[in-house]
> 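Could you have a look at this structure, given as structure tokens, before my questions?
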Amino acid sequence: MTGLDNRGPQRELHVLRPLPGTEGKATFSASGAVLGLLGLTSADAAGLDLADILRLISETEGD
């Protein structure tokens with residue numbers, strides 16, 4: 001049985017630091033699986049913005 005008092009294993013949290021040159025900018029990431037489904041390499045994806053990724057996803061829906 002679970003409840004609010006059952007916190008499970010405690011894990012240490014680490015702060016994510018921004019990549020150099022991205023300070024103050026919105027960033028996103030896509031998993032390797034998503035890139036693979038879209039037929040993109042990491043190098044290809046590096047030049048895309050979120051709108052590009054979302055467009056590619058919508059164009060490949062149902063494939």
Side-chain angles (χ1 to χ4, degrees):
M1 179 185 247
T2 61
L4 295 177
D5 293 332
N6 184 3
R7 295 177 184 233
Q10 297 297 310
R11 294 190 178 123
E12 187 175 346
L13 299 177
H14 300 278
V15 175
L16 296 176
R17 287 175 276 174
L19 295 171
T22 64
E23 296 85 353
K25 297 179 182 176
T27 59
F28 71 97
S29 65
S31 70
V34 170
L35 296 180
L37 289 172
L38 295 174
L40 298 172
T41 65
S42 296
D44 295 332
L48 302 177
D49 63 18
L50 183 56
D52 295 324
I53 294 291
L54 295 175
R55 179 183 49 76
L56 288 168
I57 290 170
S58 69
E59 289 174 357
T60 58
E61 283 182 317
D63 287 350

> Suppose we screen for side-chain contact (heavy atoms from CB on, under 4.5 Å). Which residues come up paired with Thr41, at least two apart in sequence or across chains?
Ala43, Asp44
> Going by the side-chain contact (heavy atoms from CB on, under 4.5 Å) test, name the single residue among Leu50, Leu54, Asp49 that passes it with Asp52.
Asp49
> Can you tell me how far the CG atom of Leu37 sits from the CD1 atom of Ile57, to the nearest 0.5 Å?
9.0 Å
> With sequence neighbours left out, what residues match Ser31 under side-chain contact (heavy atoms from CB on, under 4.5 Å)?
Ala33, Val34
